[in-house]
Protein chains: 2
Amino acid sequence: MTDDRRKFRRESAEARKDALILAALDLVAEQGVRGATVRGIAERANVTQGLIRHYFSSKEELISAAYEYHMKAMTDQTAASAKDGSARDRLKGFVTASLTPPVVDPRAVALWAGFLNKTQQDPGMREIHRRTYAYFRDHLEALIAAAYADAGLSASPARLRHLGTAANAVIDGLWLEGGALPDAFEDGELAQIGLEAVGAILGFSLE
Amino acid sequence: MTDDRRKFRRESAEARKDALILAALDLVAEQGVRGATVRGIAERANVTQGLIRHYFSSKEELISAAYEYHMKAMTDQTAASAKDGSARDRLKGFVTASLTPPVVDPRAVALWAGFLNKTQQDPGMREIHRRTYAYFRDHLEALIAAAYADAGLSASPARLRHLGTAANAVIDGLWLEGGALPDAFEDGELAQIGLEAVGAILGFSLE
DNA sequence: TCAGTAATTATGCAAGTGTATAATTAGAGC
DNA sequence: GCTCTAATTATACACTTGCATAATTACTGA
């Protein structure tokens, strides 16, 4: 029989899941969660749609896995920045890295937007979001505390918490702006704005 | 005949269009553009789906009209703020209003996210977005220029443009943060962060 | 080399999608 | 009141959606 049944190669579960997750993220960024159809995802991952059901019990589960994957990638990306130097330098490095490509990235902001509904409605995804947010803010708060200590300044825990929240809000907000309007800023302009603003909030210059 | 055909009242074109637009915005905020189906929109507006086609030539057109409506509402909302007082006070009022409810609003941010794809792909909606963004930035830049003049400071046009872009980025970013994380900030906290950050960028205190 | 197994593809289905068109009926004008 | 028009509803259609299940085929290991 001249069956034109599609040839295929067997891959490890891990490789296939990753490919499906990456394809799903691409489509969510481009068209939102609802626009990321199982057929579209399968096509982009070079498999047929049945395979999705083989590795994930539903589209919902794939989307959730993709979100978790993405959020982990985001934290890994910034965790790498600035492990040495003075506290002030590490803080400065964190702000700069967070406001410079590849962290600043239109695709990542598109994903943020595409997932927003889900993170506010689905309890599982809400939890992933909460955890990632807390990770960033706590990391930043620790950097601020260290910089304060180094500078011989003191601040109450409540004050430090407020500073962490405020600095995080500025950085996060600028990150969104930079990804949403990639042509609105010159190279390094976004990071400079961030350093000025965060410095003002903390009460000492980061530039 | 016991025809259970639905009773209805005739309404003006304007009233019906507005009702359909508001219903569409609700659903876009909740479920994104793709989740806002013609049947869902019609139901929320208390009409049947055929009526949408009567007033809009396609779903696409309704969505576009809804986006324009929303963006106009956003500009109207802040245009009202701070028409008198010193330049510095007007600037301060603009920042504060932009970072306080009802301008800061989870639904508005959900709409921002829901429309993001469209504003980056559909040329018509991209233009509406560009215009609204330019309006805000220019408005802010004018306020900054006036405040500089009042304070006896001078700044080149290029410098003013940079300051407008930077201040706008901070405000816009914080606005997104406030709407996305309504419980992360105390009353007035977001506005205070904005005033500190913008003040630092401009080089004089707004507090 | 040759099963056996599970990874992969193919097919089918019911529900939901936007759009097109026909059928009704509310209300304005006389 | 009566007519007529257009605002509104109802129905139909082709297509897409997620999911289920059956049919194949690539690879493992003996």
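Every residue was checked against the salt bridge (charged side-chain N to carboxylate O under 4.0 Å, His left out) condition with K17(B), not counting sequence neighbours, and none meets it. Applying the side-chain contact (heavy atoms from CB on, under 4.5 Å) test to A146(B) and every residue at least two apart in sequence or in another chain returns A87(B), R90(B). With sequence neighbours excluded, no residue forms a side-chain contact (heavy atoms from CB on, under 4.5 Å) with Q121(A). For Y148(A), the ring pair (Phe, Tyr, Trp, His ring centres under 6.0 Å) partners are F204(A), not counting sequence neighbours.
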Requested in this report: Determine, for nucleotides 1-7 of chain C in 5'-to-3' order, which nucleotides have protein heavy atoms under 4.0 Å from the base (write B), from only the sugar-phosphate (write S), or from neither (write -).
Outcome: -----BS
Report summary line: Expected string for nucleotides 11-21 of chain D under the B/S/- scheme (protein heavy atoms, under 4.0 Å, primed atoms plus P, OP1, OP2 as sugar-phosphate) is BB----BBBS-
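For the pair E43(A) CD and dA10(C) C1', the computed distance is 16 Å after rounding to whole Å. The distance from atom CD1 of I52(B) to atom P of dA10(D) is 15 Å, rounded to the nearest whole Å. With rounding to whole Å, K17(B) atom NZ is found 12 Å from dT8(D) atom P. In this entry the distance linking CG of N46(A) with C1' of dT8(C) reads 14 Å, nearest Å. What separates CG of L20(A) from P of dT9(C) is a distance of 10 Å, to the nearest Å. Distance CZ (R5(A)) to C1' (dT8(C)): 8 Å, rounded to an integer number of Å.
Here the CG-CG distance, from L116(B) to L116(A), works out to 11.0 Å after rounding to the nearest 0.5 Å.
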Kindly list each side-chain donor-acceptor pair under 3.5 angstrom involving residues 92-109 of chain B, sequence neighbours excluded, with atom names and distances?
{"residue": "T96(B)", "atom": "OG1", "partner": "K92(B)", "partner atom": "O", "Å": "2.8"}
{"residue": "S98(B)", "atom": "OG", "partner": "F94(B)", "partner atom": "O", "Å": "2.8"}
{"residue": "T100(B)", "atom": "OG1", "partner": "T96(B)", "partner atom": "O", "Å": "2.5"}
{"residue": "D105(B)", "atom": "OD1", "partner": "R107(B)", "partner atom": "N", "Å": "3.1"}
{"residue": "R107(B)", "atom": "NE", "partner": "D26(B)", "partner atom": "OD1", "Å": "3.2"}
{"residue": "R107(B)", "atom": "NH2", "partner": "D26(B)", "partner atom": "OD1", "Å": "3.0"}

Enumerate, atom names and distances included, each donor-acceptor pair closer than 3.5 Å involving a side-chain atom of residues 29-41 of chain B, sequence neighbours excluded.
{"residue": "E30(B)", "atom": "OE1", "partner": "R44(B)", "partner atom": "NH2", "Å": "3.3"}
{"residue": "E30(B)", "atom": "OE2", "partner": "R44(B)", "partner atom": "NH1", "Å": "2.8"}
{"residue": "Q31(B)", "atom": "OE1", "partner": "R34(A)", "partner atom": "NH1", "Å": "3.4"}
{"residue": "Q31(B)", "atom": "OE1", "partner": "R34(A)", "partner atom": "NH2", "Å": "3.3"}
{"residue": "R34(B)", "atom": "NH2", "partner": "Q31(A)", "partner atom": "OE1", "Å": "2.5"}
{"residue": "T37(B)", "atom": "OG1", "partner": "G40(B)", "partner atom": "N", "Å": "3.0"}

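Within the structure, ring pair (Phe, Tyr, Trp, His ring centres under 6.0 Å) contacts touching residues 7-59 of chain A (residues at least two apart or in different chains) do not occur.
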